[in-house]
Enquirer: 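Take a look at this one; I'll ask things after.
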Amino acid sequence: MSDINSDLILFNELVEVLISEESKNPVAERIDSHKLYESLDLSLNDSPMIGDEFKKVLKDVIVSTPKTATNLFFNQLFGGRQSKAVLGDLLAVMLNNSMYTYKVAGPQVGIEQEIIRKSCDLVGYGSQSNGTFPTGGSMSNYMALVMARDSKDPECRFNGISKSLVIYTSEASHYSNAKNASFAGIGKNNIRYISTDDEGRMIPEKLEEQIIDDIDNGFIPTYVNATAGTTVLGAFDPIDMIADIADKYKVWLHVDGAYSGSVIFSAKNKHLLKGIHRSNSFSYNAHKMLGTPMTCSIILVNDKKQLHDSFSNEADYLYQTDGDDFNLGKTSFQCGRRNDALKFWTLWKSVGTKGLEQMIDHQFELAKIAKDYVRNNSDYTLYSFDDSISICFNYKNIDPVTLCTALYEHQATVVGFGSFKKSTFIRLVTINANNTKKDILNFFKVLEDFVANSPELVTEEMISSELI
Ligand SMILES: *Cc1c(COP(=O)(O)O)cnc(C)c1O
């Protein structure tokens, strides 16, 4: 019908449209959701659409799709664009392997294993460690929970859960923990949410108290999820202290590093994960701090037998050649699996481990710039703490939900809000390693100019409190 060469030419043309849009309109023109289907031709019809008409629809879609690679996108825990990683991902699409067997993926298996091996070394896991690339951080957490469950109740893989398993995570941890408890048959009501200190870190003493209480009541403590970079504040749970407790009560320790676990690459910031080598499993998202395209999540396990015990199943039609070490389907959740490794490998290979370290350190420097700006300006209130790339603040007592929504609706900048212990605030995430000091200062200028031109945002309540 059409050949790949002409589509690649079209692809280049469309990418030029995208890149020019990104500089002209860093925040894309927004289409109201209730007007979406009338604004764009998204319909699928009996007759084909080709040529210029087809091209035009694609351009329209590109123009109005939110731009996540620009210097005004701060909404999520990803952003920017690492071009060598994009290159790898484009190649992965063209190669279109599936990662389950060596027969089908060949050297791509080695590429994935090399990333896993190096990552395990950085974590300090031993010679029996291994891992896999799940579909994201939520799935990484799920796989960890399944391994923990199976190691406490091995029969459950055949007969279903027969024991009263309970699991632990902090009240500031990611919401996937709740969903995963339900999927794993443990149940949302069997999660114990452990309180956090003033800076959003799990309080180890509270964890131990809860474990003792559960044992006294006939429950079986099974799994502790510690977070390296909580989703809102970017806080690091004290892994070493939690590991002492996990050891003592023989509970699986997983470290959810989806957001900030990539500090394993930074000599300066690695101390935030002190004790990480004592965990049973650890996951990090290269699509967050390391800027690879969505999604690129890695789970590592200290003992690869656990991964194998929970995720392998014989399948003669599939596993026909080579050993288990090369047939990665034996340790993955899915059967067919996208190649998420190549994009991270092309990035890593091209900048070296040192280059990844610089990306991480740069994000912390940008965070410091933002934090200093907020701290030194009396119109702002700061809610975040050191050692985080989430800068949480409010401006002139303006309701953060209203302000974030207005900024987005007027295409000023895209930034989100979050809450912690009764406070709600704007959360600026300095995760785009392409940004510079100028981009961060520009963000504040955009915000201040926007407020200056929107007097309706400044509420009477705020004015009266200022008068006092
Ligand atoms: C983003 C995040 C996740 C979820 O990762 P996905 O890849 O979005 O599924 C889990 N935990 C934490 C702490 C996160 O920040």
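We count ligands from 1, going down the list as the structure has it; atoms in each ligand are counted the same way.
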Enquirer: Output the list of atoms in ligand 1 that are nearer than 4.0 Å to some heavy atom of His174, sorted by atom number.
Expert: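 What qualifies from ligand 1 is 2 (C), 3 (C), 4 (C), 10 (C), 11 (N), 12 (C), 14 (C).
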Enquirer: Report yes or no: does Asp237 contribute a side-chain atom to a donor-acceptor pair with the main-chain N or O of Ile239 at less than 3.5 Å?
Expert: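 No, the answer is negative, given that no donor and acceptor are paired below the 3.5 Å cut-off.
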Enquirer: Provide, to 0.1 Å, the distance between atom 2 (C) of ligand 1 and the closest protein heavy atom, together with that atom's residue and name.
Expert: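 Here the nearest protein heavy atom works out to Lys288 NZ, 2.4 Å.
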Enquirer: Pick one of side chain, backbone, both or neither for how Leu77 approaches ligand 1, counting any non-hydrogen atom pair under 4.0 Å.
Expert: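 Answer for Leu77: side chain.
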Enquirer: For the pair Asp340 and Lys343, evaluate salt bridge (Lys or Arg N to Asp or Glu O under 4.0 Å) and give the outcome as yes or no after the intermediate values.
Expert: CA-CA 6 Å; Asp340 285 331; Lys343 57 193 170 191; 3.3 Å; yes
Enquirer: Under 4.0 Å from any heavy atom of Gly229, which atoms of ligand 1 are there?
Expert: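 Checking each atom against Gly229, I get 13 (C).
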Enquirer: Is there a donor in the side chain of Glu448 and an acceptor in the side chain of Tyr395, or the other way round, less than 3.5 Å apart?
Expert: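 No, no side-chain donor-acceptor pair sits under 3.5 Å.
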Enquirer: With a cut-off of 4.0 Å, which atoms of ligand 1 are near a heavy atom of Ala258?
Expert: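 Listed by number with element: 2 (C), 3 (C), 10 (C), 11 (N), 12 (C), 14 (C).
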Enquirer: Less than 4.0 Å is my threshold; does some heavy atom of Asp256 fall inside it relative to ligand 1?
Expert: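 Asp256: in contact with ligand 1 (<4.0 Å).
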Enquirer: Under 4.0 Å from a heavy atom of Gly137: which atoms of ligand 1 are those, numbered in the order shown and with their elements?
Expert: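 What qualifies from ligand 1 is 4 (C), 5 (O), 6 (P), 7 (O), 9 (O).
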Enquirer: What closest approach, in Å, do Lys250 and Lys152 show between heavy atoms, and which atom pair accounts for it?
Expert: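 So the two residues come closest at O-NZ, 2.7 Å.
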Enquirer: N/O to N/O below 3.5 Å, does that happen between Asn285 and ligand 1?
Expert: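 Yes - when backbone and side-chain N and O of Asn285 are compared with those of ligand 1, one distance drops under 3.5 Å.
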Enquirer: Taking the side chain from Ser384 and the backbone from Cys392, do they hold a donor-acceptor pair closer than 3.5 Å?
Expert: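 It does hold such a pair.
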Enquirer: Ignoring angles and geometry beyond distance, decide whether Thr227 reaches within less than 3.5 Å of ligand 1 through its nitrogen or oxygen atoms.
Expert: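 Between Thr227 and ligand 1 (N or O atoms, distance only) the closest approach is not under 3.5 Å.
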Enquirer: What I want to check is whether the side chains of Trp252 and Ser151 have a donor and an acceptor closer together than 3.5 Å.
Expert: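 Side chains of Trp252 and Ser151: no pair found under 3.5 Å.
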Enquirer: Looking at non-hydrogen atoms alone, which of Ser390, Ser138, Ser140 comes nearest to atom 9 (O) of ligand 1?
Expert: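 The option holding the nearest heavy atom is Ser138.
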Enquirer: Applying salt bridge (charged side-chain N to carboxylate O under 4.0 Å, His left out) as the test, list every pair that has at least one member in residues 167-180; sequence neighbours left out.
Expert: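 Residue pairs passing salt bridge (charged side-chain N to carboxylate O under 4.0 Å, His left out), neighbours aside: Glu171-Lys421.
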Enquirer: Partners of Phe183 by ring-ring contact (aromatic ring centres under 6.0 Å, His included), sequence neighbours excluded?
Expert: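 Scan of Phe183 (ring-ring contact (aromatic ring centres under 6.0 Å, His included), adjacent residues dropped) gives Tyr142.
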Enquirer: Among the heavy atoms of His287, does any lie under 4.0 Å from an atom of ligand 1?
Expert: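 Per 4.0 Å heavy-atom rule, His287 contacts ligand 1.
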